Number of protein chains: 2
Amino acid sequence: MAIRATDQIIHKAAWLYYTHGLRQDEVAKQLGISRASVAMYLRKARDTGIVTISTSTQLFSQDVLAREVEDAFGLDTVWVVSPERDGPDAAAEVPVVAASVFLELVERGQRIGVAWGRTVYSMADVMPFADLQDVTVVQLCGNLGAPYSYRPDQCTMEIARRLNAKGLNFYAPLVLSSERLARELRDEPVIREQLASVADCDLALYSIGTVDEDSHVVKCGAMSPSEVHALRDNGAAGVVAGQMIDRHGTLLDCDYNRRIISADLNSIRAIRRRMVVIQEDSKLEPLLAALAGGLCSHLVITAEMARRLLARAAKPSVRASA
Amino acid sequence: MAIRATDQIIHKAAWLYYTHGLRQDEVAKQLGISRASVAMYLRKARDTGIVTISTSTQLFSQDVLAREVEDAFGLDTVWVVSPERDGPDAAAEVPVVAASVFLELVERGQRIGVAWGRTVYSMADVMPFADLQDVTVVQLCGNLGAPYSYRPDQCTMEIARRLNAKGLNFYAPLVLSSERLARELRDEPVIREQLASVADCDLALYSIGTVDEDSHVVKCGAMSPSEVHALRDNGAAGVVAGQMIDRHGTLLDCDYNRRIISADLNSIRAIRRRMVVIQEDSKLEPLLAALAGGLCSHLVITAEMARRLLARAAKPSVRASA
DNA sequence: GGGATCGATTGACTTTTGTCAGCCTCAGTG
DNA sequence: CACTGAGGCTGACAAAAGTCAATCGATCCC
């Protein structure tokens, strides 16, 4: 097809502007038309694909995935860890990336809430040392004997130590044997104050647990495998700071949750930056639950998890601009 | 490190600005930085190929002259650069057009052969940045000290760098002092392999040299003015990848050609897309020779050269359709 | 520990670009 | 031949982007 005269001038304007980098007034002068027309032609050139502007997809594939996840779930920032050729697998790299991301998010004078779990423990292990005076690291939930390298309180302290921050531990068990005891303990001033202060945190850090026999809560002895199965049948989709959430990310109404000493989910939601770190690609459902419940604003995941999330994105819409 | 924080923010700024169409101040607000920084990041994104802006070269291929040349010489596609009033002259514009055309022809996973010469050097200088992973740029012929801005190997590397592709250099001289030495060098496994791999290229890029005292081969010191004259008297009509061809586009049987380390003309003919770029209108005879020898399938020339070619078209027949 | 240095970042200012009401041209019509 | 209406073009203004000197902060080296 022969080029149409009107297309011809659009092409010329686009060429001079984008390829040669002339200004619109220079283009206008050269084509003998007004600058306003040039602006119009350039818009048309972009709209019709004569000029294409694209963000790189190969070199920054993990960044592209990250942006897409942000858009799909309305998150603040997402970091995607891609497997490196000849390197450790992506899952193993997640805590390393998460630790440096975490450091970048922390600022002077802030209060940071951390839960505990295998992923957070791994992060503590690789957390770089930094000098963040006036920072307070508080534990988000009660303690338990843990089958890992640190006890929960040690984990908090280790992170605080590496940041040269103040560590504030939670001197209560995560789970108690009766609802009554849990309620009474939550009413103790020292505990109540700590729980109330959670909403004042500037940043929270946690992972999301699964609801099966391999779950962290089971391994720590907070719950038996059969209890977990029962809860799962009752709609438990994930574990956040020791508490069971359903697939909408709301607190499950169950006996177990009533026996827990941990930060209230609404307090957690009130924290501006809620950083969730997920290593295992099998945690798709728990993560979706947490996302649905608004429990996450910053997310560190593997590329594989990013793809799975996108495949399940409720509405792949573009985030509305302000 | 897997993720560089500075690249991350540049990519995110580019994503929000170019993909989402936010204004710079909106991007700045969302990233918590100043608008000036956003402007800087966006510049960096454009400069490094995180964002690519490409303009269609239709303007140059949808031209009556281009069609006529295609038909007259049975070429795949021809791009014709017309002189613009107040603009750079057509010859100066040729490398710019050629660089854009070249980018449009390259696809993921391909192997590209490039020769060197003043025109190819000019193209490297104006080659836009792009993100073409899995592309390999190989040098088609040996090296020489060059009187231009790049050395031959630097030229290949510069093109590879801008395309974010892998550059594969040719570590041998273009011309040797004896036929024996050239033959032995060609038999070296490392050289032999590279020469053999030329036929596997998906795209080749070169210009055609003249056979006179101003020739590229003379300026690079590959040959003395008197040698050139002698070769011309013996039927040399042009230079392709350092080699002398006669007016039928076949390799000239001469001592010089036997002392050369360069891609075999038959290997070059085996490449599906052979892109020839000609700036100087004086290169009519060399170009006709290359066309006669089937050494060209895609051609970028000036309007003046197009007219000269048409005046000399052997058979002004209609190109056979598929 | 303090001072020097270098690069990144920003606020303030300038230049460039986007927009749109109104104007101008031209083809079609009575 | 004057009238009409549509479409494209422009001038002038508003909005956005580019630029740069000053500043901030991190790092390195005595």
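Fair warning: this is a prediction, and the values are worked out from it, not measured in the lab.
- At the phosphate of C/dT10, OP1 or OP2 sits under 4.0 Å from a side-chain N or O atom of B/Ser37.
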Practice item. Apply salt bridge (charged side-chain N to carboxylate O under 4.0 Å, His left out) to B/Glu304 and B/Arg307, showing your working. Key: CA-CA 5 Å; B/Glu304 174 57 25; B/Arg307 281 187 282 269; 3.8 Å; yes
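- Separation of the A/Trp15 and B/Phe60 ring centroids falls under the 6.0 Å cut-off.
- Rounded to whole angstrom, the span from the CD1 atom of A/Ile10 across to the P atom of D/dC9 amounts to 9 Å.
- No hydrogens or angles considered: a donor-acceptor pair under 3.5 Å links the side chains of B/Thr57 and B/Glu104.
- At whole-Å resolution of the value, NZ in A/Lys44 and P in C/dG18 are 15 Å apart.
- Taking the charged nitrogens against the carboxylate oxygens, A/Arg67 and A/Glu70 do have a contact shorter than 4.0 Å, which makes a salt bridge.
- Residues B/Ser34 and B/Ser37 bring a donor and an acceptor atom of their side chains to less than 3.5 Å of each other.
- From one end of the helix from C/dG1-D/dC30 to C/dG30-D/dC1 to the other, with five pairs defining each end axis, the axis direction shifts by 20° (rounded to 10°).
- No hydrogens or angles considered: a donor-acceptor pair under 3.5 Å links the side chains of A/His20 and B/Glu93.
- Classification of the A/Trp79-A/His298 ring pair by plane angle, with boundaries at 30° and 60°, yields parallel.
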Study note, to complete from the structure: Protein-proximity profile, nucleotides 14-21 of chain D, B/S/- by nucleotide at the 4.0 Å heavy-atom cutoff, equals --SBBB--
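- The shortest distance between the side-chain N/O atoms of A/Tyr41 and the OP1/OP2 oxygens of D/dG8 is not below 4.0 Å.
- Residues B/Tyr41 and B/Arg46 bring no donor and acceptor atom of their side chains to less than 3.5 Å of each other.
- One interatomic measurement links the two molecules: CD of A/Glu26 to C1' of C/dT16, which rounds to 11 Å at whole-angstrom precision.
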